[in-house]
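Worksheet: one structure, shown below.
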Amino acid sequence: MSEVSANLYAHLRRAFPGDLERCAIETDAGQCYSWRDLDRGTAMLANFLCSLELPVGSRIAVQVEKSVEALMLYLATLRAGYVFLPLNTAYQSAEIDYFIGNAEPAVVVCSDQNFGWVSTLAFKAGTRHVFTLNDDRTGSLLARAAHASDQHAVAIKKPNDVAVIIYTSGTTGRSKGAMLTHGNMLSNALVLKEYWGWRSPEQGGDVLIHALPIFHVHGLFVAIHGALINGSKMIWLGKFDPKVVLKHMPQATVFMGVPTLYVRLLAEPGLTREVAQRMRLFVSGSAPLLLDTFAAWQERTGHTILERYGMSETIMLTSNPYRGERRGGTVGFPLPGVTLRVVDGQGTELASGDIGDIQVKGPNVFAGYWRMPEKTAEEFTTDGFFKTGDVGRVDAEAYVTIVGRSKDLIISGGYNVYPAELESFINDLPGVAESAVVGVPHADFGEVGVAVVVPRPGAALDSAQILAVLKAGLANYKVPKQCHVVAQLPRNAMGKVQKNLLRAQYS
Ligand code: MLC
Ligand code: AMP
């Protein structure tokens, strides 16, 4: 990869179809953005960012509702050579305060509605510029960029230059910013383009229904890069609504979702073979897809969902084959270029079929955690493998199955929820002696949290009130669906809380 060509945006741009007037993105409201609109819009935003004369490597933190303009801001940040930092729209002030304090962004972009509290936090942390962007094409960012030129030379980047920081809690502790480089993202996008058989515009092209949020790997990278690096059109839905997805399905060929999206689509009588007739590929990931869902989908639509596995630190790692057998309950094979091994507690590689810790290596593996060299070192082995925190096995035919996680993590509707974060929040509440949060199966979200709380002697705790306090302070999807006040937590002989017993009790 030459220096000039390593900017991911340059590669995406090169894949735009020759006819720039064609529709690149169609919204549910029927608006069409052409490829030329994308090119010009990202140029204007990139020029505006450059006009701020930000230092090299500046972070652009963005917490906005999904819109085509928000997508353009992401592309413009790549184009201008800065570092994009997407933030879940559900995050509340304590969460945003931490991310801004940790990442020290030069620019923060939020909605007009949140400008008051977000700008207070940002200016306090030393951020010089706070702009707004709403999902109706308004906000100070677009107003300012409207004066910028629509011609922009893509910034030159090296493959190892950081392009995006995604916050994740990884295996332990507070959220860490996973630094992904232009090289990481480009290699993954190119591999998936081949692996999933994306059809070029000359072959009739693909049309992707984009119904995921754009602040995580699945919606931001896998879906967007997949479509753009192939010159494919996207049908852009601001929010997932199964009826709206079904309305667009006859015009589409590719859909990507977390398992909850498939569960909700299956609940719609409108999901039929006819509606899915033109579809070429259904991809699922971010959380385990139940075999029941896999089988029900096959039966209802005649299509076999392709399940793949990835994470923020690595983008995509494994995938079921596009042409070979897609095996339910497995996440398929390591992608070309990815080396995956399963090891025991001592780091010795296990034979096929044996269950152990999954470790990976490849051009897609991130550059480390932002300003946390020790944490980064802890998560890599001496021979350079990244410890995923997932537990699994590889069978004799090389299919990978994930059987659990060594990290204490709940995946709810495709979002990660860290029990340690919730427990520390609950333990700080008045009258609480200790707490444990465990994940239990849930028909819609796959898994949800349950909090088990022990009061201090003499204190009276009210579960509904605890949940209300959590709801007021944390992103809504993190809030446990139930809270139980108990006299004590079950512990083993070592004094460790036996979460397996709590899980069994509250399932
Ligand atoms: C919403 N709620 C959730 C939830 N999402 N609760 C638990 N888990 C979730 N994921 C709750 C809210 O707290 C709220 O509760 C109520 O549901 C309604 O909120 P909403 O925002 O209107 O929900 P809805 O639009 O229905 O959202 C559900 C969803 C969404 C499944 C569409 O969660 C979603 O888009 N998930 C996708 C996540 C994703 O993209 N993950 C990719 C990570 S990347 P109340 O009580 O306030 O009413 C990754 C790597 C990889 O993991 O491999 O891809
Ligand atoms: P995140 O940190 O948000 O990127 O979440 C990554 C985690 O999601 C992985 O480490 C896995 O635990 C989980 N994950 C992703 N895809 C799958 C899948 N197909 N099946 C099971 N777990 C998955």
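In each ligand, atom 1 is the first atom listed, and ligand 1 is the first ligand listed. Computed from heavy atoms alone, side chains included, the values below leave out hydrogens, waters and symmetry copies. These numbers come from a predicted model, not from an experiment. We're numbering straight along the sequence, starting at 1.
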Of P259, S319, A287, which has the heavy atom at the shortest distance from atom 17 (C) of ligand 2? A287
Which one of H216, M256, R308 satisfies the side-chain contact (heavy atoms from CB on, under 4.5 Å) criterion with S286? R308
Can you find an N or O of K481 that's nearer than 3.5 Å to an N or O of ligand 1? yes
Nearest-contact summary for atom 48 (O) of ligand 1 - protein heavy atom, Å: K471 NZ, 4.4 Å
Contact bool for atom 12 (C) of ligand 1 (protein heavy atom, d < 4.0 Å): yes
Ring-face cation contact, Y369 with K375, 6.0 Å cut, 45° max: no
Please identify which atoms of ligand 1 are closer than 4.0 Å to at least one heavy atom of H216. 42 (C), 43 (C), 44 (S)
Less than 4.0 angstrom from a charged side-chain N to a carboxylate O is my criterion; do K239 and D135 meet it? no
Quick look: T260 vs ligand 1, heavy-atom contacts under 4.0 Å, and the answer is side chain
Of all the non-hydrogen atoms in the protein, which one sits nearest to atom 3 (C) of ligand 1, and at what distance? F445 CZ, 3.4 Å
Identify the protein heavy atom lying closest to atom 23 (O) of ligand 1, giving its residue, its atom name and the separation to 0.1 Å. K239 NZ, 4.3 Å
Give yes or no for whether the N/O distance cutoff of 3.5 Å, strictly under, is met between S286 and ligand 1. yes
Under 4.0 Å between heavy atoms, the region of S284 that gets near ligand 2 turns out to be neither
Option passing side-chain hydrogen bond (donor to acceptor under 3.5 Å, both in side chains) with N230 (candidates H225, K193, R199): K193
Under 3.5 Å between any N/O of N416 and any N/O of ligand 2: does that happen in this structure? yes
With a 4.0 Å cut-off, would you call D28 and K247 a salt bridge? yes
Protein heavy atom at shortest distance from atom 35 (O) of ligand 1: P213 CD, 3.5 Å
Ligand 2 versus H216, non-hydrogen atoms closer than 4.0 Å: side chain, backbone, both, neither? neither
Among H218, K407, R405, the residue with a heavy atom nearest to atom 10 (O) of ligand 2 is K407
The protein heavy atom nearest to atom 8 (N) of ligand 1 is S412 OG, 2.7 Å
Salt bridge flag under 4.0 Å for residues R327 and D395: yes
Evaluate G310 for polar contact with ligand 1, using N/O atom pairs at a separation under 3.5 Å. yes
Which atoms from ligand 1 have a heavy atom of L212 less than 4.0 Å away? 40 (O)
From atom 11 (C) of ligand 2, work out which of V283, T388, D390 has a heavy atom at the shortest distance. D390
Distance filter under 4.0 Å to S312 heavy atoms, resulting ligand 2 atoms: 1 (P), 2 (O), 3 (O), 4 (O)
Nearest neighbour in protein (non-hydrogen) for atom 14 (C) of ligand 1: N476 ND2, 4.0 Å
side-chain contact (heavy atoms from CB on, under 4.5 Å), paired with T42, selected from T77, L75, L12: L75
Please say which of Y309, W196, Y195 ends up in a side-chain hydrogen bond (donor to acceptor under 3.5 Å, both in side chains) with S319. W196
CG of L87 to OG1 of T89: how many Å apart, nearest 0.5 Å? 10.0 Å
Could you list which atoms of ligand 2 come closer than 4.0 Å to a heavy atom of T168? 2 (O)
R264 and D241 ion-paired at < 4.0 Å: no
Could you pull out, from G446, G414, P259, G413, the option with a heavy atom nearest to atom 37 (C) of ligand 1? G413
Would R341 and F385 count as a cation-pi pair here, with the cationic atom under 6.0 angstrom from the ring centre and within 45° of the axis? yes
Less than 6.0 angstrom separating the ring centers of F255 and Y262, yes or no? yes
When distances are taken from atom 38 (C) of ligand 1, the protein heavy atom at minimum range is Y415 CE2, 3.3 Å
Atom indices of ligand 2, in the order listed, that fall short of 4.0 Å to a heavy atom of E307: 18 (C), 19 (N), 20 (N)
Of the protein's non-hydrogen atoms, which lies at the shortest distance from atom 27 (O) of ligand 1, and what is that distance? R264 NH1, 4.2 Å
I411 heavy atoms, cut-off 4.0 Å: which ligand 2 atoms fall inside? 8 (O), 12 (O), 13 (C)
So among V437, V452, V497, V432, which one has a side-chain contact (heavy atoms from CB on, under 4.5 Å) with E423? V437
Hey, is E307 close enough to R326 for a salt bridge, meaning N to O under 4.0 Å? no
Proximity flag G389 to ligand 2, non-hydrogen atoms under 4.0 Å: no
Would a 4.0 Å cut-off, counted as strictly less than, catch a protein heavy atom around atom 31 (C) of ligand 1? yes
Is the closest N or O pair between R308 and ligand 2 shorter than 3.5 Å? yes
Between Y98 and Y167, what is the ring plane arrangement, given parallel below 30°, perpendicular above 60°, and tilted in between? perpendicular
Could you tell me whether a side-chain N or O of W370 sits under 3.5 Å from a main-chain N or O of N102, the two making a donor and an acceptor? yes
Does ligand 1 have any atom sitting under 4.0 Å from a heavy atom of V448? no
Applying ring pair (Phe, Tyr, Trp, His ring centres under 6.0 Å) to F366 and F386, what does each step give before you reach the verdict? CA-CA 9 Å; F366 73 135; F386 174 63; 5.1 Å; yes
